[in-house]
Amino acid sequence: MFTALKPDGPLKDVSNSPKPPIRLLFIEDSENDVLLLLQRFRNAGYAPIYRQVASEVDMRNALEQERWDLILCDHNLPGFSAQAALRLTQELALDLPFIIVSGVMQEDDAIAAMRAGAHDYLSKNKLDRLVPAVERELREVCNRLEKRFAEQTLRQSEARLRALTDNIPGVVFQMGYSTDGMLGFQYLSEAATMLFGISAEELTGSSAGWMTWLLDDDLPGFVDAAALSADNLSTLNWEGRIQLPTGEQKWINLRSSPRLSEANEVVWEGVMWNITHSKRVEADLRESRSQLAALSNHLQRIKEDERERIARDVHDVLGGTLVAMKFEMSLLESKLESDPIQARDRTRNVGRMVDDAIATVGRVTRELRPGILKDFGLAAAIESQGEDFAQRTGIACNILCTDHDLDPDYDTALAFFRVFQEALTNVSKHARATAVNVRLMQEGDEVVLEIADNGCGLGVSDLQKPRSFGLRGIRERLSSLGGRLDLSPVEPSGMRLILHSPLRPAHAEEHPNDNWSHPR
């Protein structure tokens, strides 16, 4: 039997408080029984909206087409039963109070129905419990709905929090004291795996074993900072080093805010960052500044030493030569008439002294400003400097310039010439070499200068000396041009320096005194 959906009569509220409409689905073959039940709801102040069905097909249609607040089901209908109706409700996954109202029902059947999922069982002969039972079940439905909504909201919040924390570069954490008085993590985001190399699950819990990773020098500072933060409920901001089980050492920065939990225990929540890279950059920057300061001082001393050397050359060599020339001229004047042969000897001595003075002036001038570099190019300047070096020191200097048309820009050529001077000076001072082999060539868009000696070479400790300014200055000069310096040993003994630099550095500007192209 099926009846259309319809409201039932005027509202009667014996409690003088309006109640919301209630939508009732009756699974019942007796219309009189339906009217009897409706009267109970009217007397309680409800205005029911209802439908009556008596078969599985009609019940399915009613459940699929309309929303209901309650199902009231007879125990046994012709061709349909309460158990079948209950299974259909569960199949459709509907959270509706399902109450069996029957005239005759055995106790075993009632118990079986309740176990199957029915919410209550009432006898048609005793309906005093009908409205209270319905209201109780409606409240339970509301409670279950609120609980599901709260659980869904919580899951969404947790998902948003997890998505947020998993995409933060730092490790989001919650931390508190464990039973042994140490600080352990109660929550860690997935970034913990990247920082510690161990999953967040393994580090979460009461265990505070991670504190054993703190270096001995840094552990007391962390413990004191945490204690002060706990006492004052002030921000904990600490950085220090940890050594992971793998042996890797890292710097971390831990920043968190404390609060009191429901158990009146201090809990910290915050973010932990891996600051290893920034610490290394900071250390490198400090070291670089220290090296630059030392290099600057060294260059200043070099400048003063160079001035002293030039002054000594001018005073001792050129000045001495001029004094000797004056002395010889006086003697020559006195011998012009009395001893012509001796006068000629004195004249030749004066000539030699003039040659020496000219050579000294030329050498000093070339070292101060290599005019040959500008007039004839880098290859000619390298050859000339090598010849001067060989004559002055007695060390053989074999030079091979594979391309005399090599034409780097002026800054590059000057840098290579100065580095060549510095390299030869180092060879004469430290290498104890008897020969130097030099090659100047072009490789692609680069100019390459190779300087190799057969001396004692350089050890690793020599390269790491804090005051090894020669090589450091060479590297800095080449680096400014976008070039590099390669060092390698020579077998059986000696050292090879290879200078690389672009012919035209990207940042090079035209030299103020150039068009400097030299004649071919």
Side-chain angles (χ1 to χ4, degrees), residues 150-151 153-290:
E151 290 174 346
T153 302
L154 179 61
R155 286 194 297 271
Q156 290 174 346
S157 298
E158 289 177 343
R160 285 194 295 268
L161 177 62
R162 188 177 302 109
L164 181 63
T165 57
D166 288 349
N167 286 281
I168 291 177
V171 180
V172 180
F173 69 89
Q174 184 181 72
M175 180 176 66
Y177 282 106
S178 59
T179 54
D180 56 2
M182 301 292 280
L183 284 166
F185 293 119
Q186 299 166 359
Y187 168 80
L188 284 170
S189 63
E190 291 301 320
T193 305
M194 186 180 301
L195 176 60
F196 298 119
I198 298 175
S199 67
E201 290 77 10
E202 294 180 68
L203 289 168
T204 303
S206 59
S207 171
W210 78 278
M211 288 186 65
T212 62
W213 300 344
L214 297 177
L215 297 192
D216 294 340
D217 293 341
D218 298 340
L219 177 60
F222 174 70
V223 173
D224 293 344
L228 181 63
S229 174
D231 292 340
N232 302 329
L233 290 182
S234 57
T235 300
L236 173 59
N237 187 10
W238 175 88
E239 63 180 36
R241 295 161 295 173
I242 57 173
Q243 183 157 349
L244 301 177
T246 59
E248 183 181 6
Q249 192 175 110
K250 292 184 177 181
W251 277 90
I252 60 172
N253 174 260
L254 183 148
R255 185 177 181 86
S256 61
S257 300
R259 64 175 176 85
L260 291 177
S261 67
E262 295 178 356
N264 203 35
E265 295 178 347
V266 180
V267 175
W268 286 267
E269 289 152 335
V271 184
M272 189 165 13
W273 305 90
N274 181 0
I275 59 172
T276 306
H277 177 70
S278 62
K279 282 292 184 180
R280 287 174 179 167
V281 170
E282 183 181 328
D284 290 344
L285 183 58
R286 284 197 302 268
E287 177 65 19
S288 177
R289 286 176 176 172
S290 174

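Owing to the predicted nature of the structure, the values given are computational and were not obtained by experimental measurement. Computed from heavy atoms alone, side chains included, the values below leave out hydrogens, waters and symmetry copies.
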**OP:** Decide yes or no for Trp273 and Ile252: does some side-chain heavy atom of the first lie under 4.5 Å from some side-chain heavy atom of the second?
**Re:** no
Subject >> Separation between CH2 of Trp210 and CZ of Phe185, rounded to the nearest 0.5 Å >> reply: 4.5 Å
**OP:** To the nearest 0.5 angstrom, please state how far the CD atom of Glu201 sits from the CD atom of Glu190.
**Re:** 5.5 Å
Original post:
For Arg241, does the CZ atom sit with more than 12 other heavy atoms under 6.0 Å from it, leaving out its own atoms?
Top reply: yes
Original post:
Looking only at heavy atoms, which two atoms of Gln243 and Gly247 are closest? And how far apart?
Top reply: NE2-O, 3.7 Å
Subject >> Tyr187 side, atom OH; Thr204 side, atom OG1 - distance, nearest 0.5 Å >> reply: 8.5 Å
Subject >> Heavy-atom closest pair, residues Met211 and Leu183 >> reply: SD-N, 3.3 Å
Subject >> Partner set under ring pair (Phe, Tyr, Trp, His ring centres under 6.0 Å) for Trp251, not counting sequence neighbours >> reply: none
Less than 3.5 Å apart, which donor and acceptor atoms pair up between the side chains of residues 221-237 and the rest of the protein, not counting sequence neighbours?
unit_1	atom_1	unit_2	atom_2	d
Ser229	OG	Ser234	O	2.4
Ser229	OG	Trp268	NE1	2.9
Asn237	OD1	Asn253	ND2	3.3

**OP:** Would you check if Thr193 and Ile198 make a side-chain contact, meaning some heavy-atom pair closer than 4.5 Å?
**Re:** no
Original post:
So with a 6.0 Å cut-off around CZ of Arg259, is the heavy-atom count from everything else above 12?
Top reply: yes
Subject >> Residue pairs fulfilling salt bridge (Lys or Arg N to Asp or Glu O under 4.0 Å) with at least one residue in residues 281-290, sequence neighbours excluded >> reply: Glu282-Arg286
Original post:
Which atom names give the shortest non-hydrogen contact between Arg280 and Gln249, and what distance separates them?
Top reply: NH2-O, 4.2 Å
